[in-house]
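Each remark here refers to the structure printed beneath this line.
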Amino acid sequence: MNPLELTGVIKRRDGFTLGPLDLVVPRGYVMGFVGANGAGKTTTIKIALGLVHADEGSVRLVGHDRVGVVHDQPAYVGKWTAAQVGRAVAPFHPAWDPERFRALLDWAGIEPTRQVKELSRGMGMKLQLAVALSHAAELLILDEPTSGLDPLARSELLEMLADFMTDERHSVLFSTHITSDLEKIADYVTVIERGRVVASTTRDELVDSYRLVRGAASELDADLRPLVHGLREHGVGWQGLMATEDTVSLGRRAVAEVPTLEEIVVHLAKEPRHA
Amino acid sequence: MQIDIVVSKTSGLPIYEQIKAQLKAAILLGHIAEGEALPSIRGLARDLQVSIITTTRAYSDLAAEGLVTNVPGKGSYVLPRNAELVRERVLREIEEHFAEAVTQARLVDLSAAELHAVLDAALTPSTEQEQS
């Protein structure tokens with residue numbers, strides 16, 4: 001059974017509607033969750049965790065004691081020490097392993113007596129990860145865990161995740177706007193824009209379904225224009241993202257290249273707002 | 001058993017193809033013996049810092065070619081090799097590559113003699129490599 005399935009979820013807020021949105025995190029794989037800030041990533045995660053109630057749709061999540069969550073900053077009381085954090089969360093998790101928690105704090109270089117508010121960004125991330133991994137979580141939900149992290153801490157996180165994923169019962173939902181984090185580890189990617197899922201497929205298929213196109217101004221006609229996402233016209237030509245199947249209609253001077261995840265997200269986000 | 005897999009992330013060749021080609025070579029050269037286990041799909045994904053789907057694809061391609069068997073929950077094992085069959089298959093691949101080379105050669109009007117020279121040149125360094 002998949003650890004998380006959102007079906008037809010809708011959440012209306014002033015001036016913003018999330019959904020209708022489907023999101024499935026397949027068991028045994030890493031699902032990247034990307035989109036610009038304000039696209040609805042955090043709201044979706046809050047709905048998944050039951051922190052926000054959806055107006056419509058259904059949410060299926062494995063038992064809460066099987067879910068580990070890492071936010072960009074720890075949600076613990078600032079005055080608590082790392083050891084107190086462990087004691088505070090233990091009662092909620094039948095599988096809590098204090099030995100493993102101590103070992104993970106040691107790995108993270110966090111003294112048990114250090115207070116949460118004294119921790120650097122990287123340490124705060126590692127503390128949350130230590131908690132998640134100490135209660136035998138099967139699903140890790142990461143909400144922008146790498147924002148504000150230095151490259152070394154980011155790479156350590158990715159290594160920890162790769163280790164976590166060697167168990168085929170484990171899954172990860174990795175929300176980020178730093179798409180390079182996903183280039184290595186994500187099996188699947190869901191792209192969300194203005195509250196809607198634009199694409200949700202394997203990373204390779206996603207990347208293969210788009211081309212970054214540069215072309216000559218003279219070849220950009222009225223038929224082509226609506227096919228180009230995030231069109232940027234400049235003095236000597238144009239650039240934009242196109243569905244791979246649409247590139248057959250391109251003029252001879254155009255070049256079509258395989259985009260990065262980041263280029264896909266950026267160009268989709270630049271789309272004019274639908275009225 | 002020590003097998004090395006080195007992938008390039010910028011070569012343009014899909015990573016699963018690179019993994020598959022190197023494992024295949026290791027199997028055909030006998031570096032991994034019949035019945036021996038390949039590295040686990042998930043362990044390999046972690047070690048090479050690639051997605052699990054990528055390594056899974058390489059392993060299922062190897063299974064489709066009859067070189068390994070993937071036992072769910074257990075691992076992947078090198079199948080006993082039917083020497084005749086392997087030879088046939090490799091021969092067919094060589095023929096395909098030669099056909100492709102001839103197609104390319106025609107594009108630039110390469111003569112048969114020049115094409116033979118290219119083959120001779122290709123043969124020379126590979127023998128040196130094996131000696132080193």
Side-chain angles (χ1 to χ4, degrees), chain A residues 2-3 24-34 133 138 140 146 151-152 154-174 176 179-190 200-208 211 255-261, chain B residues 1-24 26 32 36-65 67-78 107-108:
Chain A
N2 295 321
V24 174
V25 178
R27 186 167 143 112
Y29 294 100
V30 177
M31 170 67 83
F33 192 36
V34 298
L133 298 178
E138 286 174 15
L140 283 184
T146 52
L152 180 63
R154 275 172 57 198
S155 124
E156 283 173 340
L157 170 69
L158 294 181
E159 275 170 30
M160 284 301 278
L161 290 183
D163 250 348
F164 178 72
M165 287 313 298
T166 55
D167 188 324
E168 62 199 23
R169 292 165 301 182
H170 289 172
S171 316
V172 173
L173 176 63
F174 192 151
T176 182
T179 49
S180 60
D181 290 339
L182 301 177
E183 303 275 1
K184 281 178 189 163
I185 201 166
D187 296 295
Y188 294 85
V189 175
T190 296
S200 188
T201 178
T202 67
R203 187 198 51 203
D204 294 345
E205 267 174 42
L206 174 69
V207 168
D208 203 43
R211 289 289 180 269
V255 291
E257 291 167 346
V258 177
T260 62
L261 273 179
Chain B
M1 166 200 59
Q2 168 68 41
I3 44 166
D4 295 309
I5 300 178
V6 182
V7 295
S8 159
K9 307 215 168 163
T10 53
S11 72
L13 203 64
I15 290 172
Y16 70 84
E17 288 274 11
Q18 299 180 42
I19 295 171
K20 181 191 135 189
Q22 292 178 44
L23 281 174
K24 186 175 169 179
I32 317 175
E36 240 183 308
L38 297 185
S40 82
I41 286 179
R42 286 170 181 271
L44 190 64
R46 175 197 57 201
D47 294 347
L48 296 178
Q49 299 194 318
V50 299
S51 72
I52 292 158
I53 283 185
T54 303
T55 48
T56 306
R57 172 92 187 257
Y59 279 49
S60 33
D61 283 4
L62 287 172
E65 291 193 20
L67 291 165
V68 305
T69 177
N70 296 321
V71 186
K74 285 255 167 109
S76 306
Y77 301 90
V78 176
L107 290 178
V108 292

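Quick note on labels: first sequence line is chain A, next is B, and so on, each numbered from 1. Values in this document were obtained by computation on a predicted structure and should not be read as measured data.
A search for side chain to side chain contact (heavy atoms under 4.5 Å, CB included) contacts involving A:Thr179 returns A:Val34, A:Leu261, A:Glu262, A:Val265, not counting sequence neighbours. The side chain to side chain contact (heavy atoms under 4.5 Å, CB included) search around B:Ala21 returns none, not counting sequence neighbours.
With a 4.5 Å cut-off on side-chain heavy atoms, A:Tyr29 and A:Thr202 do not count as touching. Side-chain contact check for A:Glu138 versus A:Pro3: every heavy-atom pair is 4.5 Å or farther apart.
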Discussion item. Assess the residue pair A:Arg211 and A:Glu257 against the criterion (salt bridge (Lys or Arg N to Asp or Glu O under 4.0 Å)); give the C-alpha distance rounded to whole Å, side-chain angles, the decisive distance to 0.1 Å, and a yes or no.
Written reply: CA-CA 5 Å; A:Arg211 289 289 180 269; A:Glu257 291 167 346; over 6 Å; no

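Among residue pairs with one or both ends in residues 157-168 of chain A, those qualifying as salt bridge (charged side-chain N to carboxylate O under 4.0 Å, His left out) are A:Asp163-B:Arg46, A:Asp167-A:Arg169; sequence neighbours excluded.
For residues 180-189 of chain A, the interface with chain B (any heavy-atom pair closer than 4.5 Å) comprises A:Lys184, A:Ile185, A:Ala186, A:Asp187, A:Tyr188, sorted by residue number.
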